[in-house]
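The analysis underlying the following values was restricted to heavy atoms, covering all of them including side chains, and did not include hydrogens, waters or symmetry mates. Throughout, protein chains are lettered first and strands after them, A, B, ... in sequence-line order, and every chain is numbered starting at 1. Computed from a predicted structure; not experimentally measured.
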Amino acid sequence: MVEPTGQSGWAAALRTARQWPVGNGHARYRQRPHRRTQRTNRQRSAGRRDQCTRSRQSHRPTTVTIFAEALLAWFDRHGRHDLPWQHPRDAYRVWLSEIMLQQTQVVTVIPYFQRFIERLPALGDLAAADEDTVLALWSGLGYYRRARFLHKAAQLCIERHGGELPREFDALAALPGIGRSTAGAILAQAHGLRFPILDGNVKRVLTRFHGIAGHPGEREVEKQLWQRADAHTPARRTADYTQAIMDLGATVCVRTRPQCPACPMHGECVAHRDDLTGQLPTPKPGKAIPTRSTVMLILRDDEGRVLLQRRGAQGVWSGLWSLPEAENADHAWREAQRNAHIDDAQSLTPFIHVFSHYRLHIQPLLFDRAAPALAIGDNDDRRWFALAELSALGLPAPVRSLLTALPEPIEP
DNA sequence: AAACCGGGGCG
DNA sequence: CGCCCAGGTTT
């Protein structure tokens, strides 16, 4: 993990927060110097660095509030305030929107949300609906399992919680399809309670802002992200803040080509400072894939023709023309002798070809001056080809490059 | 053609 | 309790 800026950086944050120019979308913030009204629990328990800053400049706002304040100021001007689940912003509507948004972008969700809420306007309607109705309203969104969870959870609310979504975090997160982040989003958005969220947008914003490397799926990384998410979440305007950080991730701090100049936090963003937005968040590591190895036989006759065979219908490169293969050098010699009279071989530089599910270590063996065995003639699946003919054949890319870069035959 | 993503489920 | 996967769509 890359550590965020030191103390001088925090001082800079304070300056930055106060000096955004008019016309850059931050005028409102600039015109309203920060006055700390109350200290939240979070501010009280803020980290060491924070305390250093405060002890030196105890009248200044903490960086915790800087992040939230800057974001809220941005949200007031540039955030989305007209989303259908914001008016009214009740728990049922927030919940439905959160589940839909887990799998689909806002613009796609809106018409589905409206149709759903029109047909099943309250939690009781959802609980009472039959599953076919729910799935029909969901159809086109995909991930139908989540619609079933939604339906099931509504019925559980009737059974356990008097027909309402519970306001207690644990009870909420115990419902199917609602985990820590969705429970937090519902409590924050619908009830203004101070709970953090950590969806994909927030993960992107936080890994960049704090320069947190490592795939967010890793336990340690995710733990850090929740800590940061919690630390930044303000006690006041929590609902707006939650919407704001999601909006920022969705519209400014996007995965490719983020719009850093439009970001209210770019002055303190580690990824922006160190030009790491392209590397953060760290992409999912390609899962460990096995390495297999093969020997590819290049049998070349006096006229420069090479022996190719068509691959079977199964496995990789099915139906393509390719070189004969063997599992090791011994087998390669035996296979070569079956096909031709040969007297020497040279190992060419081995290389690795990567497939989605394994990597293939290829050892090319060149047998020059091969005299085709008469017993095994050309047929539909096996032929000696002149190099000039190769361009008309379907060849695997590594085989093609191998054959086009063959060394000149050594004269006897 | 891969990345994406909160939560469920499995080991 | 922690790791892995499902499931359509987007980049």
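- A distance of about 13 Å separates the P atoms of B:dC10 and C:dG7, rounded to the whole Å.
- A:Arg219 has its CZ atom 6 Å from the P atom of C:dC3, to the nearest Å.
- Across the protein-nucleic acid pair, A:Leu101 atom CG and C:dG8 atom P stand 18 Å apart, rounded to whole Å.
- Applying the salt bridge (charged side-chain N to carboxylate O under 4.0 Å, His left out) test to A:Arg382 and every residue at least two apart in sequence or in another chain returns nothing.
- A heavy atom closer than 4.0 Å to some atom of DNA chain B occurs in A:Leu175, A:Pro176, A:Gly177, A:Ile178, A:Gly179, A:Arg180, these being the qualifying members of residues 163-180 of chain A.
- Contacts of A:Arg257 with the nucleic acid, taken as non-hydrogen atoms under 4.0 Å apart, are absent.
- Within residues 134-161 of chain A, the residues that have a heavy atom under 4.0 Å from DNA chain B are, in order of number, A:Arg145, A:Arg146, A:Phe149.
- Contact check for A:Tyr144 versus A:Phe149: no side-chain heavy atoms found under the 4.5 Å cut-off.
- Nucleotides B:dA2 and C:dC5, compared at atom P, are 16 Å apart to the nearest Å.
- Contact annotation: A:Gln102 does not reach the phosphate of C:dA6 (side-chain N/O to OP1 or OP2, under 4.0 Å).
- Salt-bridge formation is detected for the pair A:Arg194/A:Asp230: a Lys NZ or Arg NE/NH1/NH2 atom is positioned less than 4.0 Å from an Asp or Glu carboxylate oxygen.
- An OP1 or OP2 oxygen of C:dT10 is reached within less than 4.0 angstrom by no side-chain nitrogen or oxygen of A:Arg255.
- Spacing between atom CZ of A:Arg204 and atom P of B:dA3 amounts to 15 Å, rounded to whole angstrom units.
- At least one donor-acceptor pair under 3.5 Å links the side chain of A:Glu218 to the backbone N or O of A:His215.
- Side-chain contact between A:Val94 and A:Asp90 is absent, with no heavy-atom pair separated by less than 4.5 Å.
- Rounded to a whole Å, the CD atom of A:Glu222 is 11 Å from the C1' atom of C:dG2.
- Between the CD1 atom of A:Ile99 and the C1' atom of B:dG8 there is a distance of 12 Å, given to the nearest Å.
- Rounded to whole Å, the P atom of C:dT11 lies 15 Å from the corresponding atom of B:dG6.
- Side chain of A:Arg204 to backbone of A:Gly249: a donor-acceptor contact under 3.5 angstrom is found.
- A:Gln103 comes within 4.0 angstrom of no nucleic acid atom, judged by non-hydrogen atoms across all strands.
- At least one donor-acceptor pair under 3.5 Å links the side chain of A:His87 to the backbone N or O of A:His81.
- Contact between the side-chain N/O atoms of A:Thr182 and the OP1/OP2 oxygens of B:dG7 is found at a separation under 4.0 Å.
- Within 6.0 Å of the CZ atom in A:Arg167, the count of heavy atoms belonging to other residues, nucleotides or ligands does not exceed 12.
- Here the C1' atom of nucleotide B:dG7 and the CH2 atom of A:Trp226 are 12 Å apart, to the nearest Å.
- Remark: C1' of C:dT9 and CE of A:Met100 are 16 Å apart, rounded to the nearest angstrom.
- With hydrogens and angles disregarded, no donor-acceptor distance shorter than 3.5 Å links the side chain of A:His78 to the backbone of A:Phe75.
- Atoms CD1 (A:Ile197) and C1' (B:dC5) sit 13 Å apart, rounded to a whole Å.
- Taking the six-membered ring for Trp and the full ring otherwise, A:Tyr143 and A:Trp138 have centroids separated by 6.0 Å or more.
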